[in-house]
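Scroll down for the structure; my scribbles are underneath it.
Chain naming here is simple, since letters A, B, ... match the order of the sequence lines and numbering starts at 1 in each. Model, not experiment: these values are computed from the prediction.
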Amino acid sequence: MRTFYLCFLCFLLLSCHKVIPLIPQISEVENGNISIMELKKRYTSEGTFLKITEDLSIAGIVIANDETGNFFKKIIIQDNSGGIAINIDGYDLYKEYPIGRKINITCKNLTLNDYAHTINLGLDKDESNSQLISIPAQIASTYIKKGGFEHKIEPKIVKINDLGTELHDPYQNTLVKIEGLEADRRDRDKYLGDETRRYGAAQNYTLSDCQKNTIILRTSNYSTLAKIPLPMGNGSIVGIFTPFVPNNNKQRNTTDNTTTSSENTNTTDNNTDNTNNTTGTTSSTSRNNRQRNTSRTNNKPRTQKNITLRNAKEIKLNGPLCTDNQEE
Amino acid sequence: MRSDVQVEKGLAFFNLLYQTMRSSKFCFGKSGFQILTLASCTFLYASWQSPLPLFSQKLTPSTEIYQQRLHVDTSAFHYQNYSDFDVNDEDDEESSYTPVASPILRENADIFVNTAFFAFSSNRFRFRGYDYRESPLYLNGIPLKDLERKRPGFNYFFGITELLYAKNIERGISSTTFSPGGLGILTDITSAPHTFNPKVRVRYTSANRTYSHRISAVYHSGLNRRKWAVSSMLTARFGKGYFNGTFQNGLGAYLAASKVMGNHSLTFSTFGGFVFQSRQSAVLQETRDLANSLRYNPLWGKDNEQERSARTHKYYQSYNQISHSWRINKNAELKSNLSYLIGWQANSLFDWFDGTNPSPEYYRKLPSFYRLRKQNIVADVVDSFFSNNPESLQIDFANIRDIHQKSTPTLTGNTMGIRAHYILGERVVERQQIALNSTYSQQISQRFSIHFGLLSMGEKSRNFMRVADLLGADYWVDINSFYRAGLLDETSVEESEQFAQNDLLNPNRVVKVGGKYRYDYSLFLLNNQLWIQGILELRKLQIHLGASVDQDLYFRQGYTQNGLFPSQSLGRSKVYNFISHQQKIGISYKINSKHIVYLHTLHNSQTPLTEQVFIAPYMHDITSPINRLTHNYNLETGYQHRSELLSLRADFFITHTRNGRQIYRFYNDEFRSFGQYTLQNIQKLYYGAELGAELQLPLHLTLSIVSSIGNYRYTNNPTALITADNSPKVAQNETIFFQNLPIEGTPQSAHALSLFYRDPNFWYVGIQNILSYDNYVSMNPVRRTLRAIMDLNPAKDQSTINTIFMPTKLPTVYLMNLIGGYSKRIKLSLRKRDGYGYLSFYLNLQNLLNSQKFVSSAFEQLRYDFRSQNPNKFPTRYFFMMGFNYSINMSFSF
């Protein structure tokens, strides 16, 4: 019997069965061999396609993606020098590229192009329509290495006048915070987007600070933000800044939106093209202009500054209005 | 005083021992080897002092088997338990199979093996967690196995249980008599009519497991005056099985004749049969719930008002053997056998072109698909549809016939007619095998005996697909519908045409019922084995030493030229040749007549199987790189007690496996094609303890306890070679994070407590309580990669990451079984010699509590969606255990 107990004891010792899987950690990606701004500065003349043939790589933190639908088929990354949009032909990119994730992009064989002065990185030039081909999502992993999560990028607090519209403006495609903004009184009871007008992809509202500097708040009609009412107070907005500088030959603009007439706020841009469908960040193409239902004719495209929200929390227009506007 | 000759022999033996150990030095490491040498030499020297051999001579097993034979009728319940089993020839894609526990008779000395396999056979318990190939089955010393997978051929018997009575069971690591041994349990069946008493028996069985009825008839002539003996058996199994849509219809026959001529005996045996069956499938919990049936099985549907299974298994085989046994003198015996096997099997399945998967369990048809997409309203509609129309959870043959009926006839080649969108195809394997072996045993001295054996097996297996039913269409076109997804845009039309061909020699071939399609190739395999074993028996000590060398040789011969792999599919592949070896050594020390302690070790290397080497033999002859053979290092120590009241055996074992290989074939979403993950360099560690005890209690009661507690784990992160069937280009390596994860597919721990009452008035009853646990769902390697969790943020999604990596433990199984039997002697005037007939009843009731939630095994589907990284998109599939099931058996013998 003693033997029996001994064996039984040994059995008990053996039966500890704790399974602790060895879960690999996602390793952080390396820094690029040049900064985002250095890469962008290689692109010098607007409306061209620059294929990168050298072994260049950039790294940055994702600051915007398609999670709310306000950006479509693109992600925006930022490092200390600046930001850039990466055009990726795919849906639900936010799952792979959540905000705060660091990624490294091998730029060789990719192509730079600008859209109304906003520089984008894509696959190649589409010879058929002279637009930038996006990187197909299924092959994105050959160029993009994904790293760690939860990197924080704080928005830079700027004034509208700090934001430039030239190709290499440091604020382009970066996260900025502008304070003291308010919407036009005539846009009362409007929504950020117009869900009924999905053919027009985005809704524009002019916001101004108390010094009457203006910036356009652009929201995709497909976005989940579209149903949020436009707040009528004064406050801050955090978003991605992009310039819109139309090239007369190629890109005529929706400049009418820069005025805040109620007539014009209904005017929308038709950004249905996949490759350039940047719904929020830039304005539209000439084709869209022709489709627009606007009373104005011969409106000359005008340079403008756009800001695009990433989520509903970033619009805080709830304070007292500028004194000028409070008269009514 | 010991004579000089004895001392010399002793020294020679020490030397032999030393040499063997030196050759197996690498398995212990240098310092370990030195310690071992020192210890064993000291031990040996001490025992050398005692002059009389104590271990009984155990030269031939046949006398023992004859003794076993006499006890067979009293232990009918043992035999009954394995009469039902069958190797469930697995689905290739799902790498699952019904395992078979080795059937063991009680009379064998190994109390653990006897009781454990009897008790745990329904739990898919694998001895020490090893693969089934480690526990082989032999017939007169020739392995009953196919050379491709080397799995024991328990399906060779077709219900011919008569063959299974006479057998010799040995642990491969101990001293063995008919084979070189190995890690597991070896079972050698003897077909020797001259060892049977004359007997006629008819038997009827009613059951609700894999069939409903079984009838059998047995005749043994016994050895007549002219020294001839004949044994034969005929058996038929038929009727429905436990799960819906399952059935089994089959016939088995056995005939053997032997002639004894002085010291020689010659036996010719032939057995075989045919079976047509449909088996239980692994089901999703979701469909089982929707069907609201515990016996739900999605593999069948109504076709022209008849129940029809889409996945059937047809199997025909004939096994023939000539055995010669020669008792050369008192101390030597030579046994030789020549065998020939011929057979085929055909497993049916759906094939489709330009259509969707007709399985009712296809994930896009189920409510969960919509729930994952957050379309809850649609999900609810689908859910209530299935609940109200349970027939929708079966295969819709009528719809398929309808599709074909409404199709417009098209012209392919010269054939005008309806091109099939769906067919029932059959995966056919035609196998021929020839084997030859010889075993020579010699008692050299009173203390020393040797066994020597050689074996040669050659096999050809031809594999192809065949159209079984066009389901109302006129023809099927033999092209590969999956090739497209792997191609790039720049592929030209001509190239694309070429890639789509399964056979460039017969492009766009029109196939009718019975015609071959998709693939056609043969594997030629040869296995040669040479082994030797010496057993030294001293007064208190027994030492055995064994070694063997194996040569495996194989190649593939393709008969079609695949469009994607034109230069790697047609004709003969390279010939692959491997040499593997095995060494073992064991010492037993007899403390006194009741107590024995022992220590056994074994090291072997194993040739990779063809199925692990040829990545996709049905497409091409490309192999994964073969750098190293698999190595197993095994150590076992134990204690055995035998007295009138108690038999006990307790063992501790540890096994380390290096360079293991495993291949997973499945539909890979990433490449939108079937593909493979070939895992290489898998390391595993098995350790645990076993206990078997049988206690004779008063009042004719016997209490038996069997326990096996194990801990079987992967100890490294193997590398997977990822390949796809639709492109020669896709080949990448990836690390699979298996370290620390448990080895799946078997309960790692199992216990049984049984109480038997044997009444002197020829009846008995027994109750068994079986508990098994630590059984894990077979893991999908794709889920244990960095890529599988690449987009999950550990800060937010840690629980999802854990779910993806953590293996699922199956619920603890508790079964209560009841066994009973009664035998009545009836006076007969028919026969002079005996004058008595025996009417026997036997009852085996399993799962008395009728628990339906137990799972015998389960596997994670190998499809994994990298985009959603949600493991529930392709959920686990389960093989549920039967609820209450029975087998009632009546027999009459005289």
Side-chain angles (χ1 to χ4, degrees), chain A residues 1-29 61-62 65 67 75 88 90-103 123-124 126 133 136-142 144-152 224, chain B residues 595 638-639 641 646 648-652 670-672 687-691 693 695 705 707-714 716-717 735 737-742 748-749 751 773-774 776 784-798 801-802 804-807 809 866-869:
Chain A
M1 259 316 165
R2 224 174 13 181
T3 329
F4 189 83
Y5 286 131
L6 193 72
C7 293
F8 195 74
L9 192 73
C10 295
F11 273 32
L12 287 179
L13 285 175
L14 280 164
S15 58
C16 52
H17 250 254
K18 196 139 182 76
V19 176
I20 304 163
L22 195 82
I23 299 173
Q25 298 290 312
I26 295 160
S27 52
E28 191 52 277
V29 291
I61 315 291
V62 177
N65 56 31
E67 184 158 10
I75 58 169
I88 303 171
Y91 303 96
D92 293 344
L93 299 174
Y94 70 93
K95 287 182 179 167
E96 280 187 66
Y97 309 102
I99 288 169
R101 186 165 208 186
K102 187 171 179 183
I103 61 172
L123 188 70
D124 211 340
D126 186 343
I133 303 173
Q138 62 268 31
I139 65 156
S141 63
T142 45
I144 305 176
K145 287 189 218 55
K146 295 178 281 192
F149 299 88
E150 305 277 311
H151 293 279
K152 290 268 177 287
T224 54
Chain B
H595 307 281
Y639 162 75
H641 173 90
L646 176 70
L648 182 144
R649 182 177 172 132
D651 287 276
F652 292 90
E670 228 181 325
F671 309 127
R672 281 174 283 161
Y687 64 88
E690 294 160 349
L691 174 76
L695 189 65
I705 298 167
S707 270
S708 173
I709 293 185
N711 199 334
Y712 317 141
R713 273 156 204 276
Y714 294 93
N716 77 333
N717 293 325
T735 304
F737 289 85
F738 266 0
Q739 191 167 349
N740 294 348
L741 300 185
Q748 299 200 358
S749 295
H751 312 277
Y773 52 92
D774 286 339
Y776 291 88
R784 275 86 194 175
T785 57
L786 182 59
R787 274 190 312 149
I789 53 161
M790 193 67 206
D791 298 329
L792 293 170
N793 181 350
K796 288 179 189 157
D797 309 311
Q798 192 59 47
I801 293 174
N802 289 345
I804 292 171
F805 262 73
M806 197 71 175
K809 200 189 257 194
F866 282 99
R867 281 189 65 76
S868 69
Q869 310 217 313

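No salt bridge links A/Lys102 with A/Glu28; every basic N to acidic carboxylate O contact stays at or beyond 4.0 Å.
Per-residue heavy-atom pair counts under 4.5 Å with chain B were compared for A/Ser141, A/Pro24, A/Pro21, and the maximum is reached by A/Pro24. Most heavy-atom pairs under 4.5 Å with chain A: of the set B/Thr735, B/Ile789, B/Ile801, this distinction falls to B/Ile789.
For the pair B/Asn740/A/Val19, no side-chain contact is recorded, criterion being any heavy-atom separation below 4.5 Å from C-beta on. Contact check for A/Asp92 versus A/Tyr94: side-chain heavy atoms found under the 4.5 Å cut-off. Contact annotation: the side chain of A/Arg101 approaches that of A/Ile26 to within less than 4.5 Å [non-hydrogen atoms, C-beta and beyond].
For A/Gln138, no part sits under 4.5 Å from any heavy atom of chain B, backbone or side chain. For B/Leu646, no part lies under 4.5 angstrom from a heavy atom of chain A.
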